[in-house]
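Each chain gets a letter, A, B and so on, in the order its sequence line appears, and its residues count up from 1. What you are looking at is a predicted structure, and each value in this text was computed from that prediction instead of being measured.
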Number of protein chains: 2
Amino acid sequence: MATIAVENYLKHTLLLAQRSPDGLVPMGELATALQVVPGTATTMVKALADSGLVLHEPRRGLRLTVEGRRVALNVLRKHRLVETFLVNVLKMDWAQVHAEAEQLEHAISDAVLDRLDALLGHPATDPHGDPIPSVEGTLSSAVYATLASCATKASLRVVRVTDQTADFLTFAEAHGLRPGAVAQVLDRNLPAGLVTLRRLRSKPFALSLAAAGKIWVAPVEAG
Amino acid sequence: MATIAVENYLKHTLLLAQRSPDGLVPMGELATALQVVPGTATTMVKALADSGLVLHEPRRGLRLTVEGRRVALNVLRKHRLVETFLVNVLKMDWAQVHAEAEQLEHAISDAVLDRLDALLGHPATDPHGDPIPSVEGTLSSAVYATLASCATKASLRVVRVTDQTADFLTFAEAHGLRPGAVAQVLDRNLPAGLVTLRRLRSKPFALSLAAAGKIWVAPVEAG
DNA sequence: GGATCTATTTTGATTTGTCAAAATCCATCC
DNA sequence: GGATGGATTTTGACAAATCAAAATAGATCC
Ligand SMILES: [Mn+2]
Ligand SMILES: [Mn+2]
Ligand SMILES: [Mn+2]
Ligand SMILES: [Mn+2]
């Protein structure tokens, strides 16, 4: 069985590999994500490579093997289903559940996972709009526009909020920016780095381009 | 924060101290319960004593400090509430949930614990009839008769099944011996070590005195 | 092409939790 | 009172995961 540390290394490797065309994850990015010093990541990655869970290309980075990806997807599925349970069933704050799931993802058996999945009605996404890997190991990689890149004036549906920090999620929540909400970009001022937004029947407000880029949106008529 | 190992040592110390009038737990019993060799338990207990969680009386045993007992009760509360959740909400087999809870008890935060407790309606006992410690840290120590010690012929209500092994629980379940069930002892043959039992409107069956001693019962009119 | 800078790796050490096996204590039994 | 035996402790070793700091490899920039 994979230890908690191994599960965390594999899960973060999967997440970092997503935004890298060749799936190669630099050692430094992995170390930062896991909050360890670079030397620790190197040591661990070599051990993971010995176990056949990753391929280590010295000085270039690492990538998951098929087996490593299988384990990582299972952990990610647990993480996101647990978050969904905590929000939908236990009614916890969506800003808190990431930290909780970070622990629970390692303690839940596959048997409990299946029951949770059924109880929740086999959800496709978690409370933040993050896709939940299927039991078979498929993970949606759909890419959307963001409030920093979308057309102005059009009505758009929020589909995903890609920042797990409690502060950002609390801010988003306060302005009604959760998956399902409808909003339109009134104005985008690139020199100032500001986006002005209005939710359906609410007062307009502004946020930075950096913050806007974390909110993914889709046309209202779709799905 | 206490590590998983520390939490397990404290929880098992609490459980073993329950059936010892002075609360002193011999090192060997603790080692057996935790499935480690005696030397490992000695080493760990000395570390726990340094942390102020137990008192170590060399060659005699150990006992929990007030702080150690507080931590142990919190872990036990998590264990038993998780078992209750797994059986009552996720409809899992009561023979499986002990092993699941053994992991989950270390991954659940106090915030999640409170929500679970509310969702379950603040239960007093878990699916096996084991008392759930209160948030304030009180734990019922009520002692009942067992099918090995109770009066014969009288109708009795099962209140607790004190063996967590899957085999025994599956056997008990198969004969309807779960908390709430009503049964009577038809006969007790001490030389043969056999107890003959009948549940309400069911065929009589026999089990060993050892097995009968694990089923706790109370008069039907009580509680 | 050589100096410089940065990411990565290596080295040596530490913490936590464990085992195997030897040493020791102490209660009990003649 | 001394021998015996079982429980406990000690000793030495090990695996997993980590850090601090030194060494190294590559890329980049004159
Ligand atoms: Mn985690
Ligand atoms: Mn999420
Ligand atoms: Mn446990
Ligand atoms: Mn129980």
Side-chain angles (χ1 to χ4, degrees), chain A residues 1-13 16-17 19-20 22-64 67-68 71-72 75 102-103 105-107, chain B residues 1-13 16-17 19-20 22-64 67-68 71-72 75 102-103 105-107:
Chain A
M1 269 293 82
T3 63
I4 291 177
V6 166
E7 289 188 346
N8 281 330
Y9 276 81
L10 295 176
K11 187 191 68 171
H12 278 110
T13 304
L16 292 171
R19 288 299 109 194
S20 145
D22 54 355
L24 192 68
V25 176
M27 203 56 77
E29 281 188 31
L30 184 60
T32 302
L34 288 160
Q35 311 213 69
V36 295
V37 300
T40 300
T42 300
T43 306
M44 185 58 146
V45 164
K46 286 210 268 186
L48 294 176
D50 285 347
S51 314
L53 295 167
V54 306
L55 288 174
H56 182 203
E57 304 184 17
R59 307 226 104 112
R60 299 199 55 241
L62 73 153
R63 62 181 87 243
L64 291 172
E67 173 62 5
V71 175
V75 177
E102 204 55 53
Q103 305 306 314
E105 65 189 358
H106 313 293
Chain B
M1 268 293 81
T3 64
I4 292 177
V6 166
E7 289 189 346
N8 280 330
Y9 275 82
L10 295 176
K11 188 190 69 173
H12 278 110
T13 303
L16 292 171
R19 289 302 110 192
S20 144
D22 55 354
L24 193 69
V25 176
M27 204 56 80
E29 280 187 32
L30 183 61
T32 302
L34 288 160
Q35 311 214 67
V36 296
V37 300
T40 300
T42 300
T43 305
M44 186 58 146
V45 164
K46 287 209 266 186
L48 294 176
D50 284 347
S51 314
L53 295 167
V54 305
L55 288 174
H56 182 204
E57 304 185 16
R59 307 231 106 116
R60 298 199 56 240
L62 72 152
R63 62 181 87 242
L64 291 172
E67 172 63 4
V71 175
V75 177
E102 203 55 53
Q103 305 306 314
E105 65 189 359
H106 313 292

Short of 4.0 Å, heavy atom to strand atom, which residues of residues 37-46 of chain A count as contacting DNA chain C?
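Close to the strand are A:P38, A:G39, A:T42, A:K46.
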Residues of residues 48-57 of chain B with any non-hydrogen atom less than 4.0 angstrom from an atom of DNA chain D: list those, numerically ordered, please.
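Heavy-atom contacts with DNA chain D come from B:H56.
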Tell me which residues in residues 29-36 of chain A put a heavy atom below 4.0 Å from DNA chain D, sorted by number, or none.
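Within this stretch, A:Q35, A:V36 sit under 4.0 Å of the strand.
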Verdict with reasoning, A:T13 to A:L30, per side-chain contact (heavy atoms from CB on, under 4.5 Å)
CA-CA 7 Å; A:T13 304; A:L30 184 60; 3.5 Å; yes
So, is A:Y9 near the phosphate of D:dA16, with a side-chain N or O under 4.0 Å from OP1 or OP2?
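A:Y9 to D:dA16 OP1/OP2: no side-chain N or O under 4.0 Å.
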For [X], which residues count as a side-chain contact (heavy atoms from CB on, under 4.5 Å) partner, sequence neighbours excluded?
X: B:A33; value: B:H12, B:L16
X: A:T3; value: A:A5, A:V6
X: B:A17; value: B:V25

Would you kindly give the NE2-to-C1' distance between A:H12 and D:dA17, to the nearest whole Å?
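Distance, rounded to whole Å: 17 Å.
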Check salt bridge (Lys or Arg N to Asp or Glu O under 4.0 Å) between A:R60 and all other residues, then give those that pass, not counting sequence neighbours.
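Partners of A:R60 under the salt bridge (Lys or Arg N to Asp or Glu O under 4.0 Å) test: A:E57.
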Could you tell me which residues satisfy salt bridge (Lys or Arg N to Asp or Glu O under 4.0 Å) with B:E29, sequence neighbours excluded, listed by chain and number?
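For B:E29 there are no salt bridge (Lys or Arg N to Asp or Glu O under 4.0 Å) partners, ignoring immediate neighbours.
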Check against side-chain contact (heavy atoms from CB on, under 4.5 Å), A:L62 and A:Y9:
CA-CA 11 Å; A:L62 73 153; A:Y9 276 81; over 6 Å; no
Checking B:H106 now: which residues fulfil side-chain hydrogen bond (donor to acceptor under 3.5 Å, both in side chains) with it, not counting sequence neighbours?
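Counting only residues at least two positions away or on another chain, B:H106 forms a side-chain hydrogen bond (donor to acceptor under 3.5 Å, both in side chains) with B:E7, B:N8.
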If the condition is side-chain hydrogen bond (donor to acceptor under 3.5 Å, both in side chains), which residues does A:T40 pass it with, not counting sequence neighbours?
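Counting only residues at least two positions away or on another chain, A:T40 forms no side-chain hydrogen bond (donor to acceptor under 3.5 Å, both in side chains).
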Which distance, rounded to the nearest 0.5 Å, do you find between the CG of A:L55 and the CZ of A:R63?
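Between atom CG of A:L55 and atom CZ of A:R63 there are 7.0 Å.
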How long is the gap from CE on B:M27 to NE2 on B:H56, to the nearest 0.5 Å?
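Answer rounded to 0.5 Å: 3.5 Å.
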Solution key, residues 42-54 of chain B side-chain donor-acceptor pairs under 3.5 Å, sequence neighbours excluded:
unit_1 : atom_1 : unit_2 : atom_2 : d
B:T42  : OG1    : B:P38  : O      : 3.3
B:T43  : OG1    : B:G39  : O      : 2.9
B:S51  : OG     : B:A47  : O      : 3.0

Indicate, yes or no, whether a donor-acceptor pair under 3.5 Å links the base of D:dT24 to the side chain of A:R59.
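Looking at the base of D:dT24, it does pair with a donor or acceptor on the side chain of A:R59 (distance under 3.5 Å).
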Leading and trailing nucleotides of DNA chain C with any atom under 4.0 Å from heavy atoms of chain A:
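Both ends considered, the range comes out as C:dA7 to C:dT10.
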